[in-house]
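The next block holds one structure in the form of structure tokens; read it before the comments.
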Amino acid sequence: MKAIAQRVVDEALERGSCDFVAEIAARIPLYVICRMMGVPESDWPHLYNLTSQAFAAGDPLTRRFAHLDILGYFEKLQAEKAANPADDLVSVLATASIEGERLSPEDVILNCDNLLVGGTENTRIAASGGMLTFLRHPEQWRILVEEPDLLPSAVEEVLRWTSTATHIMRTAVRPIEIHGKNIAAGDRVVFWLPSANRDETVFENPDRFDVRRQPNRHLTLGFGEHFCVGSMLARVELKLLYGELLRKSVDIELDGEPKLLDSIVVNGPERLQVRLTPRAA
């Protein structure tokens with residue numbers, strides 16, 4: 001995994017200027033999950049193009065057809081892994097049995113799709129949103145440069161601050177009163193994660209971005225039975241990405257006005273043009 005992060009950052013450094021979203025934040029998590037799933041490395045660029053269209057294209061038809069192509073790709077891959085299993089996640093799914101019954105090809109394909117989305121999209125948005133936050137709070141990046149052991153707490157603060165999935169909706173199963181508001185059984189309630197992650201009764205100075213923040217009981221990756229199964233992978237990928245930038249002593253500057261996603265479902269940059277320069281020794 002470290003080799004993947006090193007290669008992606010090296011390629012961006014060679015160019016000197018890049019879209020941080022597309023050329024760093026999207027590539028590292030995609031390549032990591034592709035390796036874990038057993039996707040041949042020769043197919044990584046193809047899946048990168050498809051996921052870029054499926055997750056970031058402005059045209060809804062482009063997104064839909066790209067997603068169908070992703071499902072078609074996994075239809076072929078699961079058949080190959082079922083016939084010739086290897087040491088990877090798709091092989092595990094393609095050969096798994098539950099109570100003596102094999103998973104159907106449709107179940108395998110949909111699980112592959114969930115793995116791909118869970119292992120790439122939120123990490124891409126959190127990583128790029130986190131970098132934009134560091135650029136707007138350069139003193140916090142300097143702290144991290146001087147104290148790289150703070151990387152785990154910095155990642156948690158990036159997750160809290162960016163709150164990439166903006167909201168979830170739940171249906172009340174019984175009547176309840178919350179802060180003077182009556183909610184009846186069957187009512188649908190929308191839960192806004194950016195608001196929860198800035199709850200002044202939980203967080204000290206909630207509107208301050210602080211890489212030293214402890215404790216940090218954010219809800220970005222869900223909670224209870226709805227806790228994100230890819231939460232540990234997301235943390236690993238963020239540590240790999242920021243850790244490689246720190247290890248290479250990269251100076252990062254904005255190279256144009258960021259463009260934010262036009263969405264109330266996810267929150268973060270669509271494009272983030274930056275200049276990358278190796279710091280002088």
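Predicted, not measured: the structure shown is a model, and the values here were computed from it. These values consider heavy atoms only, across backbone and side chains, with no hydrogens, waters or symmetry-generated copies.
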More than 12 heavy atoms of other residues, nucleotides or ligands under 6.0 Å from CZ of Arg247: yes or no?
yes
In terms of side-chain heavy atoms, does Ser163 have a donor or acceptor partner in Asn267 at a distance below 3.5 Å?
no
Any donor and acceptor pair, going by atom type alone, linking the side chain of Arg160 with main-chain N or O of Pro206 inside 3.5 Å?
yes
Heavy-atom distance under 4.5 Å between the side chains of Leu276 and Cys18, does that happen here?
yes
Would you say the side chains of Asp107 and Ser104 form a donor-acceptor pair under 3.5 Å?
yes
Side chains of Thr277 and Asp251: is there a donor and an acceptor less than 3.5 Å apart?
no
Point-to-point distance, once rounded to the nearest 0.5 Å, from CD1 of Ile70 to NE2 of His46:
8.5 Å
May I have all residue pairs that pass ring pair (Phe, Tyr, Trp, His ring centres under 6.0 Å) and include part of residues 163-201, sequence neighbours excluded?
His167-Trp192, Phe191-Phe223
Under the 3.5 angstrom rule, does the side chain of Thr166 hit a backbone N or O of Ile264 as a donor-acceptor pair?
yes
Any side-chain donor paired with an acceptor under 3.5 Å for Gln214 and Ser153?
no
Non-hydrogen side-chain atoms of Leu254 and Gln273 separated by less than 4.5 Å
no
Short side-chain to backbone donor-acceptor contact, Tyr48 and Ala22, under 3.5 Å:
yes
Examine distances only and state if a side-chain atom of His137 and a backbone atom of Glu139 form a donor-acceptor pair shorter than 3.5 Å.
no
For Asn182, does the CG atom have more than 12 heavy-atom neighbours from other residues, nucleotides or ligands under 6.0 Å away?
yes
Could you check whether any side-chain N or O of Lys81 sits under 3.5 Å from a backbone N or O of Met37, counting only pairs where one atom can act as donor and the other as acceptor?
no
Would you say Val92 and Asp87 make side-chain contact, with heavy atoms under 4.5 Å?
no
For Arg170, is the CZ atom crowded, meaning more than 12 foreign heavy atoms sit under 6.0 Å from it?
yes
Checking Arg124 side chain against Ala25 main chain: does a donor-acceptor pair fall under 3.5 Å?
no
Any side-chain to backbone donor/acceptor pair from Thr120 onto Pro29? Under 3.5 Å, distance only.
no
Any side-chain heavy-atom pair of Val155 and Leu151 under 4.5 Å
yes
Considering non-hydrogen atoms only, spot the tightest contact between Ala5 and Leu240 and give its length.
CB-O, 3.9 Å
If you count the non-hydrogen atoms of other residues, nucleotides and ligands that lie under 6.0 Å from CZ in Arg188, is the total more than 12?
no
Give a yes or no answer on whether the side chain of Tyr242 reaches the backbone of Ala127 with a donor-acceptor pair at less than 3.5 Å.
yes
Ignoring hydrogens and angles, tell me if any N or O in the side chain of Asp187 forms a donor-acceptor pair with the backbone of Ala184 under 3.5 Å.
yes
Might you point out which heavy atoms bring Leu103 and Leu93 nearest each other, and give the distance in Å?
CD1-O, 3.6 Å
Under 4.0 Å between a Lys/Arg side-chain N and an Asp/Glu carboxylate O for Glu121 and Arg63?
no
Checking Asn122 side chain against Thr164 main chain: does a donor-acceptor pair fall under 3.5 Å?
no
Rounded to the nearest 0.5 Å, what's the gap from CD on Gln78 to SG on Cys112? Could you check?
7.5 Å
Distance to the ring centre below 6.0 angstrom and angle to the axis at most 45 degrees; does that hold for Arg27 and Trp44?
no
Do the side chains of Glu157 and Arg212 get close enough for a salt bridge, i.e. N-O under 4.0 angstrom?
no
Less than 4.0 Å between a side-chain N and a carboxylate O, is that true for Arg213 and Glu204?
no
Please determine if Arg271 and Asp19 form a salt bridge, counting it only when a charged side-chain N lies under 4.0 Å from a carboxylate O.
no
Considering non-hydrogen atoms only, spot the tightest contact between Ile183 and Ala172 and give its length.
CG2-CB, 3.8 Å
Glu237 and Thr123: side-chain donor and acceptor closer than 3.5 Å?
yes
Does CD belonging to Glu177 count more than 12 external heavy atoms closer than 6.0 Å?
yes
Are Arg208 and Asp210 within salt-bridge range, i.e. N to O under 4.0 Å?
yes
Check the pair Asp10, Lys248 against salt bridge (Lys or Arg N to Asp or Glu O under 4.0 Å), reporting the backbone distance first and the verdict last.
CA-CA 9 Å; Asp10 282 345; Lys248 283 190 160 54; 3.2 Å; yes
So Val108 and Phe74, side chain to side chain contact (heavy atoms under 4.5 Å, CB included) or not? Walk me through it.
CA-CA 8 Å; Val108 176; Phe74 283 124; over 6 Å; no
Using the salt bridge (Lys or Arg N to Asp or Glu O under 4.0 Å) definition, which of the options Glu23, Glu244, Glu41, Glu14 pairs with Arg7?
Glu41
Go through Leu30 and Thr51 one step at a time and tell me if the side chain to side chain contact (heavy atoms under 4.5 Å, CB included) criterion holds.
CA-CA 9 Å; Leu30 175 66; Thr51 55; 3.9 Å; yes
Within-4.5 Å side-chain heavy-atom neighbours: Phe209 and Arg136:
no
Does the side chain of Asn197 reach to within under 4.5 Å of the side chain of Leu159, using non-hydrogen atoms?
no
What distance do Ile4 atom CD1 and Tyr31 atom OH have between them, rounded to the nearest 0.5 Å?
9.5 Å
Would you say the side chain of Leu132 lies within less than 4.5 Å of the side chain of Phe20, judging by non-hydrogen atoms?
no
Heavy-atom distance under 4.5 Å between the side chains of Leu246 and Trp141, does that happen here?
yes
